[in-house]
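Everything on this sheet refers to the single structure shown next.
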Amino acid sequence: MVGAFGFLYLAQSPDKNKTEHGYPPGIGVKNSLIVLGVVNLLGMVFTLLVPESKGRSLEEMCGENEDNDEGSSFRNNH
């Protein structure tokens, strides 16, 4: 949603006389598509940096379940 509205504003012509009524001057369609491509590329890179879960839950991956016995005895006592 932010990308759709942001693209609408950025895609406006830098020339104030060529912008649509009610919109401020933008950076143009070509430059806004370049910005969109860079953001998508960064998203892909960060997605590839996330480790594969291999069917494990998030708790197993970060080690929250390692002290499971201590937590259950605490809950039973209180």
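Quick note: residue numbers are just sequence positions, from 1. Given the structure is predicted, the values throughout are model-derived calculations rather than measurements.
Within the structure, ring-ring contact (aromatic ring centres under 6.0 Å, His included) contacts touching residues 21-55 (residues at least two apart or in different chains) are Y9-Y23.
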Hey, can you pull the donor-acceptor pairs under 3.5 Å for the side chains in residues 26-44, sequence neighbours left out?
residue	atom	partner	partner atom	Å
N31	ND2	I27	O	3.1
S32	OG	G28	O	2.9
S32	OG	V29	O	2.9
N40	ND2	L36	O	3.3

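The two residues Q12 and E20 have their closest heavy-atom pair at OE1-N, 3.1 Å.
The CG atom of L10 sits 9.5 Å away from atom CG of L8, with the distance rounded to the nearest 0.5 Å.
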